J.: 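Submitted below is the structure of interest, expressed as structure tokens.
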Amino acid sequence: MAGRLIYLIGPSGSGKDSLLDAARARLAERGCRIVRRVITRSAEAMGEAAQGVSPQQFAAMQAEGAFALSWQANGLSYGIPRQIDDWLAAGDDVLVNGSRAHLAQARERYPTALVLLLTVDQAVLRQRLIARGREALADIEARLARNAQFTAGLITGNGAGLFVLDNSGPLEHTVERLLCCLDHGHSAYA
Ligand SMILES: Nc1ncnc2c1ncn2[C@@H]1O[C@H](COP(=O)(O)OP(=O)(O)O)[C@@H](O)[C@H]1O
Ligand SMILES: O=P(O)(O)OC[C@H]1O[C@H](OP(=O)(O)OP(=O)(O)O)[C@H](O)[C@@H]1O
């Protein structure tokens, strides 16, 4: 039986990487793999388990068909290795740190995808982005502006099959909600 694609989305700074790190061992126990993304970001600025490549390397990988999904945002290119199709075919669930802007394409390719939207209060989001210190202030403002563009439309336009996880509180609570969502049909979080 094919595995499920779990497509985690949410604003930059909402806590996607932190959530995946915190839940990693418990996801593995459930046979859920977390895919390692390919990003045109320098290794020093990576701050997550991803493969950093140059724009030229990314373009070559894309031309070879190395990616199941890919998108551009925040001045960067992101790729999801094709290997996920083998994992899904083998029956493993696969969790992808995705893009809100690329949701329609992801659903087109993976119609049964479970979509999880991580949310956080905008004021908290600003504080977390500043505290993380990965981007310059101008880049942080651009990410906040990008977020405002998505907030309302995503939930109203994609209600079916989209589940909201609020990460404004302690990370451990969000981990529990994520696992509950995966294990029990998630209706409490829709
Ligand atoms: N529940 C939480 N409570 C407090 N800080 C958090 C929480 N979740 C994430 N953070 C912090 O917020 C910042 C952004 O989180 P990160 O995982 O990098 O977000 P994303 O991957 O969505 O961009 C990090 O500094 C992280 O430590
Ligand atoms: O369409 P969006 O939902 O805005 O998403 C666009 C990209 O931005 C985020 O990455 P970012 O470089 O900010 O990394 P981060 O998630 O680790 O902060 C997210 O993981 C996506 O790859």
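Keep in mind that the numbers below use all heavy atoms, side chains included, and drop hydrogens, waters and symmetry copies. From a predicted model like this one, the values you see are computed outputs, not experimental measurements. Each residue takes its place number in the sequence, starting with 1. Order of listing sets the numbers, starting from 1, for every ligand and every atom in it.
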J.: Below 4.0 Å from any atom of ligand 2, is there a heavy atom belonging to Ile9?
T.: no
J.: Closer than 4.0 Å to some heavy atom of Ser14 - which atoms of ligand 1 meet that?
T.: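 In order of numbering, the contacting atoms are 19 (O), 22 (O).
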J.: If only side-chain N and O atoms count, and only distance matters, is there a donor-acceptor pair under 3.5 Å linking Asn167 with Arg177?
T.: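 No, no side-chain donor-acceptor pair sits under 3.5 Å.
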J.: Say whether Glu135 and ligand 2 are in contact under the criterion: heavy-atom distance to a ligand atom below 4.0 Å.
T.: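 Contact absent.
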J.: Do any N/O atoms on His102 end up under 3.5 angstrom from N/O atoms on ligand 2?
T.: no
J.: Suppose I only count heavy atoms of Lys16 and a 4.0 Å limit; which atoms of ligand 1 are within that range?
T.: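 Counting atoms of ligand 1 from 1, those under 4.0 Å from Lys16 are 17 (O), 19 (O), 20 (P), 21 (O), 22 (O), 23 (O).
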J.: Could you list which atoms of ligand 2 come closer than 4.0 Å to a heavy atom of Asn97?
T.: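 In order of numbering, the contacting atoms are 20 (O).
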J.: Is the number of heavy atoms from other residues, nucleotides or ligands within 6.0 Å of CZ (Arg24) greater than 12?
T.: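 Atom CZ in Arg24 is packed in, count exceeds 12.
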J.: For the 3.5 Å polar cut-off, considering only N or O atoms, please tell me whether Asn97 and ligand 1 meet it.
T.: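 Looking only at distances, the answer is no, because the N/O contact criterion of under 3.5 Å is not met.
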J.: Which ligand 2 atoms, with their elements, are less than 4.0 angstrom from a heavy-atom of Asp17?
T.: 17 (O)
J.: Is there a side-chain contact (heavy atoms from CB on, under 4.5 Å) between Leu19 and Leu178? Walk through the geometry before answering.
T.: CA-CA 9 Å; Leu19 178 61; Leu178 168 71; 4.1 Å; yes
J.: Where does Ala73 meet ligand 2, judged by heavy-atom distances below 4.0 Å: at the side chain, the backbone, both, or neither?
T.: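 Near ligand 2, Ala73 shows its side chain, while the N, CA, C and O stay back.
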J.: Please test Arg82 against Glu64 for salt bridge (Lys or Arg N to Asp or Glu O under 4.0 Å), starting from the C-alpha separation and ending with a verdict.
T.: CA-CA 11 Å; Arg82 276 203 83 110; Glu64 285 164 10; over 6 Å; no
J.: At what distance, to the nearest 0.5 angstrom, does CZ of Arg30 lie from CZ of Arg26?
T.: 6.0 Å
J.: Show me which atoms of ligand 1 lie under 4.0 Å from any heavy atom of Pro170.
T.: 1 (N)
J.: For ligand 1, which atoms, with element, lie under 4.0 Å from some heavy atom of Leu171?
T.: 1 (N), 8 (N)
J.: Mind checking whether Leu20 and Val120 sit in one hydrophobic cluster, side chains of I, L, V, M, F, W, Y counted as touching below 4.5 Å?
T.: no
J.: Among Gly13, Gly169, Gly133, Ser12, whose heavy atom sits nearest atom 1 (N) of ligand 1?
T.: Gly169
J.: Report yes or no: do Asn74 and Asp139 form a side-chain donor-acceptor pair below 3.5 Å?
T.: no
J.: Measure the spacing between CD1 of Ile80 and CZ of Arg109 and express it to the nearest 0.5 Å.
T.: 11.0 Å
J.: Do Leu8 and Leu129 belong together in a cluster built from hydrophobic side chains that touch within less than 4.5 Å?
T.: no
J.: Heavy-atom contacts with Arg143 under 4.0 Å: which atoms of ligand 2 show up? List them by number with element.
T.: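 What qualifies from ligand 2 is 11 (P), 12 (O), 13 (O).
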J.: Quick one: does ligand 1 sit under 4.0 Å from the side chain of Ala131, the backbone, both or neither, non-hydrogen atoms only?
T.: neither
J.: With heavy atoms under 4.0 Å as the rule, classify the contact between Pro11 and ligand 1 as side chain, backbone, both or neither.
T.: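 Near ligand 1, Pro11 shows its backbone, while the atoms from C-beta on stay back.
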J.: Please could you name the atoms of ligand 2 that Arg134 approaches to less than 4.0 Å, counting only its heavy atoms?
T.: 11 (P), 12 (O), 13 (O), 14 (O), 15 (P), 17 (O), 18 (O)
J.: If the cut-off is 4.0 Å to any non-hydrogen atom of Arg41, which atoms of ligand 2 fall inside it?
T.: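 Numbered from 1, ligand 2 contributes 11 (P), 12 (O), 14 (O).
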J.: Within a 6.0 Å radius of atom CD on Glu108, are there more than 12 heavy atoms belonging to other residues, nucleotides or ligands?
T.: no
J.: How far does CZ of Arg4 sit from SG of Cys32, to the nearest 0.5 angstrom?
T.: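 Separation between the atoms: 7.5 Å.
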J.: Should Ala101 be counted as touching ligand 2, given the test is an N or O pair under 3.5 Å?
T.: yes
J.: Nearest heavy atom to atom 18 (O) of ligand 2: which of Ser12, Gly10, Gly98 does it belong to?
T.: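 Among Ser12, Gly10, Gly98, the closest heavy atom to atom 18 (O) of ligand 2 belongs to Ser12.
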J.: For ligand 2, which atoms sit closer than 4.0 Å to a heavy atom of Arg132?
T.: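 Selected atoms, number and element: 18 (O).
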J.: Would you mind running through ligand 1 and noting each atom that sits below 4.0 Å from a heavy atom of Ser18?
T.: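 Ligand 1 atoms under the 4.0 Å threshold to Ser18: 9 (C), 15 (O), 16 (P), 17 (O), 26 (C), 27 (O).
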J.: If Ile, Leu, Val, Met, Phe, Trp and Tyr residues are connected whenever their side-chain heavy atoms lie under 4.5 Å apart, and connections chain through other members, are Phe150 and Leu125 in the same group?
T.: no
J.: Using a 4.0 Å cutoff against the non-hydrogen atoms of Trp71, which atoms of ligand 2 qualify?
T.: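 Heavy-atom distances to Trp71 below 4.0 Å select 7 (C), 21 (C), 22 (O).
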J.: Could you establish whether Asn167 and ligand 1 come within less than 4.0 Å of each other, counting only heavy atoms on the residue side?
T.: yes
J.: Without swapping roles, check the side chain of Lys16 against the backbone of Pro11 for a donor-acceptor pair under 3.5 Å.
T.: yes
J.: Below 30° counts as parallel, above 60° as perpendicular, anything between as tilted: where do the rings of Trp71 and Tyr7 land?
T.: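 Trp71 vs Tyr7 ring planes: perpendicular.
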